[in-house]
Structure formats: C-alpha cells, structure tokens
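Structure first, commentary second.
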Amino acid sequence: MLDIKFVREHPDAVREACRRKKIEADVDGLLQLDQRVRELKTVFDEKKAEQNRASKSIGKLSPEERPAALQGVKTLSEAVKDLEAQKKEAEAALRPLLLQVPNIPADDVPDGDTDEDNVELRKVGEPPTFDFEIKDHVELGRSLDIIDIERATRIAGSRTYFLKNEGALLELAVLRFALDHMVAKGFSPMLVPNLVRRVAMEGTAYLPGGEEQAYRTVKDEDWLIGTAEVPLTSYRMGDILEASELPVKMVGWSNCYRREAGTYGKDTRGLYRIHQFQKVEQVVLCRADADESLRWHQEILANSEEVLQALGQPYRVVNVCTGDLGRPQIQKFDIETWMPGRRGYGETPSASRFHDFQSRRLDLRYRSETDNRPQFCHTLNNTVIASPRVLIPILENGQQKDGSVVIPEALRPYMRGQEVIEPKQ
RNA sequence: GGAGAGGUGGCAGAGUGGUCGAAUGCGCUGGAUUGCUAAUCCAGUGAACCUGCUUUCGGGUUCCGAGGGUUCAAAUCCCUCCCUCUCCGCCA
C-alpha cells in the first residue's frame, strides 16, 4: 500500500507505474475521493470542535442552567453525527481504491509483458555437457530409489511426492547448509508458524487477491503459508522498533504450501511445481532509505548466489520485467538454475524489495535517531534455497554415465561424508 | 471441550460519565552533580490525520482491542465481534 500523500503529490508517477506494470487502478477516482474526504474532514472538524466547546461548558453549568443549554447542543450534535457518517463512508471507499495501486517500479526495471521479457544480467557457471543420454530427475529419482511420485499421487493427489533414502537426507542437507550459510552472515535463524491468521497474509500483501493460491483451514480461518516471508515479515507487526535494532536480519525455515490453482497442465512432471515444499528464506527490515534498501537487495541476492556457487550449480540472474512484477514490488531479481532435463534455466530464488509497501500494511515502524517521528521500515526478502526444486539441478547436473549422482562437496558433511548416490538396480 | 479473568501510551500499570490523551513507575532525551561508572536531582517525552501568509512555532479532529449503540458529553454504561491469559478435561 502506498502513502495516499505520495499518490496525491505524484499522480503521474503512479499512473506510469500502472501502465508499466499493466495493472489497473482508478487513480483519478482515488484522487477525487481523497479530495472529498479531506473536505468532509475539514467541515466535520470545525463542527465537532464547536460541539466539544459547548459540551464542555455544560459540565460547568449549574443544574438550573443546564436544560436551556442542552437544547442548542443537541441539534449541533445531530449535525455532527450526520457529517461523521458521510466522512466515514467516503473514507471506507478510499481504502479499496488505494489497495489497487501498485508500488512504483525502479527505473532500471525493464519494460515487458511476461517472463520472456525479463533481462538477463549475468550467467555464472557453465551448463555441463554429457557424452551419454541424460536422465531427468524423475528417472534418476526412480533408479536411485530416492523419489517416489507414483505412490504419493495415490494417497495425496497430483503434485505430491515422497523423498526417501538419500533423497530425504539430501533435502535436509541442502536446507541445513543454506541455513548455516546465512547464520554465518549474522542472520537470526527462525523456525516459524506455518499456519497463520489472516492479518499476516494481508500484511504481507498475499491477501486479498491470493485466495486461490493459498490453503485455508475449514474450522478456523487459518492459512497455510506459501513462504516463511509471511510470518517473518509479520514478526514485528505493530511494533515501533528502536533505530538501533535495525537492520533486522532473519532467516526462516518452513514448509510452504501452494494450491497452484490455474496451472493445470503446466510443469506437471516431477518436482518442479508441487503443493508442498521446504524453504529457507531470508528477510531484512531496514531503514526507510532507498539507497540502503538497494544495498540490502544486492546483498540478499549475493547470499543466494553464494549458496548456488557452493553447490556448483550453473545459474543466471534476471532483472524481472514490469509485466512480471507483482503489485507490491519495487524490483525483483530472479535466479534461475540450469536444469538439464528442462534444457533450460528454471526459476529458483527470487529476491524482492518493497520499500514500505508491506510495512505500511503491517504497521511496522521504527523511531529514527534524527527526527523522532516513527517511520515505516523497508522490507526485503529472498529465497536462500527451496527444496525439492533445487534437487532437480543437483541431481541432473551431477549425474554420471553409470547412472550415479555426485553429491556436491558442500553437502557431504551433512550426509555423513557420502560422495555419490548409486543406482539401486 | 467446560469454567473464569482481561485487552489502556516504547514497556509495566492506575483510572468506572464531564476537571482524562490519560496518574504512577520503568525506559528514553536534555540538563545538574560526579576521578570513571553507578546512584541522585531537575525538566521533557504517545500516535495518525487535517490545517494555518510549511514559521523546527501554532490551531483543530480522531485514537484507551475492533465495530455499533445510549448521552449535550464515553477509556468509563449497553450490544456484537476479535484477541490474550488462568484453571479443569483431553492430548502430540
């Protein structure tokens, strides 16, 4: 959610943002309503002040003097009530309009319609070449006896899986490796609620709008998180932080649940697009300073790149274009890892910065040391690693002619030193 | 699941129709004192919004969980909802 003052003062920037992001928002209607709200407020304030003065003086009157004075104030009070109703109605209509308004994309976000227009910033690592016919992760998972999708489907439906044997250990290894990497960088490790109230979903801007994408419990209205970003960013909701507490650097580990509605027939094979996975996620809360925000954006992006590099995975970084950017983001960098089975790069981590778009909804503020007024924090987040999706490149890139898979060195300490996963049959 | 208690400023915690944006304590800021630190003393210290010949100065409105009601007047009375806690039961 943007500051209404900002919209008022920079309507053209807001219209430009709508145009670039291809998001509809009634900016003119919003501005007209804002004007009306302020006019009503001025009139209401004046009348109410008059009433307050009159009321106050009644308290000081003697019992004999009161009845006469009461008559006059009563009509005044009725007029005030009427004005208040009008004002409230206008204010209530304002919020939904404001919620439609997208955040302003950064200048260096490329224009475009879909992810095909995302701009590649850099490639790191060379996709491996194979002198044999490669298997994809589904085939490898079966021959190594580490992934079972068929049986999962029987008991849990589409887009589900079992990880077993080294598959289970490999997932825990990669997650733990990612977590340790972030803890070494000063991020606080957090195990978070996976089931949250509506406020947290709304505060992080997943609701309203994302109802179809999230699971909800039937008896209580609780939501299964699609990412640890939800509880982590909401963690200090409603607080006024001391400036000395910033930046808040957190790394959370959670299960993530996504309905993947509207994706029927898309990415149906294997572990790419599934209903449940585990993710290590980094979240930063920092001062309301665009430059500082940008520096953190680069840093959290680098953190995730370091993890992929340590795992020896070839990847590229793309600057996500306006049409593929969500409403809340200023800018987003996706990291795409080479997946031989797809003969291309597949999305893995995704680093976003929001400025105060989320914190305004969450009422997440800090008291700056310069001027003493509370200000909204800036929020950022990035995936460190999401599994089992990351197992796809690890298995596919690491496969050998004999059907075995080499475990990245960085993970071996978490696998009791195991170097290779051998085929079972 | 059964019974009860409660939601007040950065925090703790008074306040049960007007003198309450709200006592007191802690914290914080400034000052005094002080070999240093601590302690002590004095002063200040909520937020949002509107507005004033945008002047580190003023005026106003709103906010005591949320929403509604009673009243000239509500933190205080009534209703609805949300949330938290305690005890009992059940249980990983």
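Each chain gets a letter, A, B and so on, in the order its sequence line appears, and its residues count up from 1.
Taking atom CZ of residue Arg38(A) and atom P of nucleotide rA48(B), one finds them 18 Å apart after rounding to whole Å. If you take CD of Glu221(A) and P of rC81(B), they are 16 Å apart, rounded to a whole angstrom. Distance, Glu245(A) CD to rG27(B) C1': 13 Å, rounded to whole Å. Counting to the nearest Å, the P atom of rG46(B) and the CG atom of Asp363(A) are 18 Å from each other. When the C1' atom of rU19(B) is taken as reference, atom CD1 of Ile58(A) falls 16 Å away, rounded to whole Å. For Arg95(A) and rG67(B), the CZ to P distance is 12 Å, given to the nearest whole Å. One atom, CE of Met237(A), and another, P of rG65(B), lie 17 Å apart when rounded to the nearest Å. Following rounding to the nearest Å, Lys41(A) (NZ) and rG60(B) (C1') show an atom-to-atom distance of 8 Å.
Ion pair Asp145(A)/Lys424(A) not flagged as a salt bridge, since none of the NZ, NE, NH1 or NH2 atoms sits closer than 4.0 Å to an Asp/Glu carboxylate oxygen. Ion pairing of Arg142(A) with Glu139(A) is absent here, as no side-chain N (NZ or NE/NH1/NH2) approaches a carboxylate O to less than 4.0 Å. Comment: Glu221(A) engages Arg216(A) in a salt bridge, judged by a side-chain N to carboxylate O separation of less than 4.0 angstrom. Salt bridge status for Lys47(A) with Asp82(A): absent, with no side-chain N to carboxylate O gap under 4.0 Å.
Contacts of Ala49(A) with the nucleic acid, taken as non-hydrogen atoms under 4.0 Å apart, involve only primed sugar atoms and P, OP1 or OP2. Using a 4.0 Å heavy-atom criterion, one finds that Asn52(A) contacts the sugar-phosphate atoms exclusively. Across all strands, Lys74(A) comes closer than 4.0 Å only to sugar-phosphate atoms, never to a base (heavy-atom distances). At the heavy-atom level, Arg53(A) lies nowhere under 4.0 Å from the strands shown. Arg8(A) comes within contact range of the sugar-phosphate backbone alone, with a heavy-atom separation under 4.0 Å but no base atom that close.
Separation of the C1' atoms belonging to rU8(B) and rU84(B) is 15 Å when rounded to the nearest angstrom. Comparing the P positions of rU19(B) and rC63(B) gives an interatomic distance of 14 Å, to the nearest angstrom. A distance of about 33 Å separates the P atoms of rG69(B) and rG13(B), rounded to the whole Å. The same atom, P, is picked in rG21(B) and in rG65(B); the two are 16 Å apart, to the nearest Å. Comparing rA92(B) with rU80(B), their P atoms are spaced 37 Å from each other, to the whole Å. Comparing rG25(B) with rG46(B), their P atoms are spaced 16 Å from each other, to the whole Å. Rounded to whole Å, the separation between the P atoms of rC64(B) and rA75(B) comes to 7 Å. rU16(B) and rC77(B) have their C1' atoms separated by 9 Å, with the value rounded to a whole Å.
The residue among Lys81(A) and Asp34(A) whose nearest nucleotide of RNA chain B lies closer to the 5′ end is Asp34(A). Residue whose closest nucleotide on RNA chain B sits further toward the 5' end, between Gln51(A) and Arg365(A): Arg365(A).
A donor-acceptor contact shorter than 3.5 Å is absent between the side chain of Arg389(A) and the backbone of Thr348(A).
The aromatic rings of His297(A) and Phe333(A) lie tilted to each other, with the angle between the two planes from 30° to 60°.
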query = Which string of ( ) [ ] | and . matches RNA chain B, if you list each base 5' to 3' and count Watson-Crick or G-U pairs only when both distances are under 3.5 Å?
reply = ((((((((.[[[..)..(.....]]]((((((.......))))))(((((((....))))))).[[[[[..)....]]]]])))))))....
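Phosphate proximity of rC83(B) to Arg198(A): absent, as no side-chain N or O sits under 4.0 Å from OP1 or OP2. Using a 4.0 Å cut-off, some side-chain N or O of Arg197(A) falls inside it from OP1 or OP2 of rC83(B). In this model, the phosphate group of rA73(B) is approached by a side-chain N or O of Ser77(A) to a distance below 4.0 Å at OP1 or OP2. Using a 4.0 Å cut-off, some side-chain N or O of Arg367(A) falls inside it from OP1 or OP2 of rA47(B). Between Lys56(A) and rA73(B), a side-chain N or O to OP1/OP2 separation shorter than 4.0 Å is absent.
Shown here are the side-chain contact (heavy atoms from CB on, under 4.5 Å) partners of Phe277(A), two or more places apart in sequence or in another chain: Tyr161(A), Cys256(A), Arg258(A), Ile274(A), Lys279(A), Ala386(A), Pro388(A). The side-chain contact (heavy atoms from CB on, under 4.5 Å) test applied to Asn255(A) returns Asn194(A), Tyr257(A), Gln276(A), Gln278(A), not counting sequence neighbours.
Applying the ring-ring contact (aromatic ring centres under 6.0 Å, His included) test to pairs two or more places apart or on separate chains, none has a residue in residues 74-107 of chain A.
Nearest nucleotide to the side chain of Lys5(A), out of rC72(B), rC49(B), rG10(B): rC49(B). The nucleotide whose nearest atom lies closest to any side-chain atom of Phe44(A) is, among rA47(B), rA73(B), rU61(B), rU61(B).
Listed by residue number, the members of residues 86-94 of chain A with any heavy atom below 4.0 angstrom from RNA chain B are Lys88(A).
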Atom pairs and distances, side-chain donor-acceptor, residues 411-421 of chain A, under 3.5 Å, sequence neighbours left out:
from: Arg412(A); atom 1: NE; to: Ile407(A); atom 2: O; distance (Å): 2.9
from: Arg412(A); atom 1: NH2; to: Ile407(A); atom 2: O; distance (Å): 2.9
from: Tyr414(A); atom 1: OH; to: Asp180(A); atom 2: OD2; distance (Å): 2.6
from: Gln418(A); atom 1: NE2; to: Glu166(A); atom 2: OE2; distance (Å): 3.1
from: Gln418(A); atom 1: NE2; to: Val420(A); atom 2: O; distance (Å): 2.9

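For the side chain to side chain contact (heavy atoms under 4.5 Å, CB included) with Arg353(A), the lone residue among Val284(A), Leu294(A), Asn103(A) that qualifies is Leu294(A).
Across every non-hydrogen atom of Gly29(A) and Asp26(A), the tightest pair is N-OD1, 2.8 Å.
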